[in-house]
Amino acid sequence: MHCSRRRGGNLLAYARIDGAAVLAVQPAIAKATTSAALGAPTGGIPFEFGANLAFASHGGITNLGGGFPIIYKGELLGAIGVGSGTTEQDVAVAEAGRDALLASLES
């Protein structure tokens, strides 16, 4: 899991659970960075356009599912990116992480 802040794209938090793929680190960071930059979930860009963006950005922008913006009271605070599972698993974990963070802001 990776959280990124929109303005600078700075890494704010990172966690890797035991057994998570080492090669999933950079894609998780790219998912959060892409989601923060676009203010939208990752995975919705047409394939050809997404592949070109990934190539042009040296992997900094990705179209892989599992990145979600963190929007609180209409303000984009940053984003979360999750990697190492299937797309469906990454999306579910990222949504749960985002929702838990938003719930903690409400309390």
Side-chain angles (χ1 to χ4, degrees):
M1 174 175 63
H2 166 74
C3 293
S4 179
R5 196 162 99 203
R6 181 171 190 219
R7 290 193 177 105
N10 301 315
L11 180 64
L12 298 179
Y14 179 82
R16 181 177 170 271
I17 62 169
D18 290 340
V22 174
L23 293 177
V25 172
Q26 292 307 316
I29 292 170
K31 290 175 187 184
T33 302
T34 302
S35 184
L38 299 177
T42 58
I45 300 170
F47 176 78
E48 294 80 16
F49 188 61
N52 288 338
L53 283 173
F55 180 74
S57 68
H58 301 281
I61 298 174
T62 186
N63 194 35
L64 300 171
F68 284 88
I70 299 169
I71 300 172
Y72 181 68
K73 295 186 177 182
E75 183 177 346
L76 179 63
L77 302 181
I80 184 169
V82 175
S84 193
T86 65
T87 298
E88 293 78 16
Q89 291 168 332
D90 290 351
V91 165
V93 172
E95 286 179 316
R98 177 204 57 200
D99 293 349
L101 178 63
L102 291 173
S104 72
L105 294 173
E106 288 294 328
S107 58

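Since we're looking at a predicted model, the values are computed, not measured.
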Exercise answer: donor-acceptor pairs, residues 42-58 side-chain atoms, under 3.5 Å, sequence neighbours excluded:
| residue | atom | partner | partner atom | Å |
| --- | --- | --- | --- | --- |
| Thr42 | OG1 | Leu64 | O | 2.6 |
| Thr42 | OG1 | Gly66 | N | 3.4 |
| Thr42 | OG1 | Gly67 | N | 2.9 |
| Asn52 | ND2 | Glu48 | O | 3.3 |
| Ser57 | OG | Leu53 | O | 2.9 |
| Ser57 | OG | Ala54 | O | 3.4 |
| Ser57 | OG | Gly60 | N | 3.2 |
| Ser57 | OG | Ile61 | N | 2.8 |

(request) Grab the two heavy atoms, one from Gly83 and one from Ala28, that are nearest each other, plus how far apart they are. (result) N-CB, 3.8 Å
(request) List in chain and number order the residues that pass side chain to side chain contact (heavy atoms under 4.5 Å, CB included) with Pro41, two or more places apart in sequence or in another chain; answer none if no residue qualifies. (result) Phe68, Pro69
(request) Calculate, to the nearest 0.5 Å, the distance between atoms OG1 and CD1 belonging to Thr34 and Ile29 respectively. (result) 11.5 Å
Pairs of donor and acceptor atoms involving the side chains of residues 89-107, under 3.5 Å and at least two apart or interchain, shall be tabulated with distances.
| residue | atom | partner | partner atom | Å |
| --- | --- | --- | --- | --- |
| Gln89 | OE1 | Thr86 | N | 2.8 |
| Gln89 | OE1 | Thr86 | OG1 | 3.4 |
| Asp90 | OD1 | Gly85 | N | 2.9 |
| Asp90 | OD2 | Lys31 | NZ | 2.9 |
| Ser104 | OG | Leu101 | O | 2.7 |
| Glu106 | OE2 | Tyr72 | OH | 3.4 |
| Ser107 | OG | Ser104 | O | 3.1 |

(message) Using every non-hydrogen atom in the two residues, find where Ala32 and Ala79 come nearest and quote the distance to one decimal.
(response) O-CB, 3.2 Å
(request) Identify the heavy atoms of Ala21 and Ser84 that sit nearest to each other, and give their distance. (result) N-OG, 2.8 Å
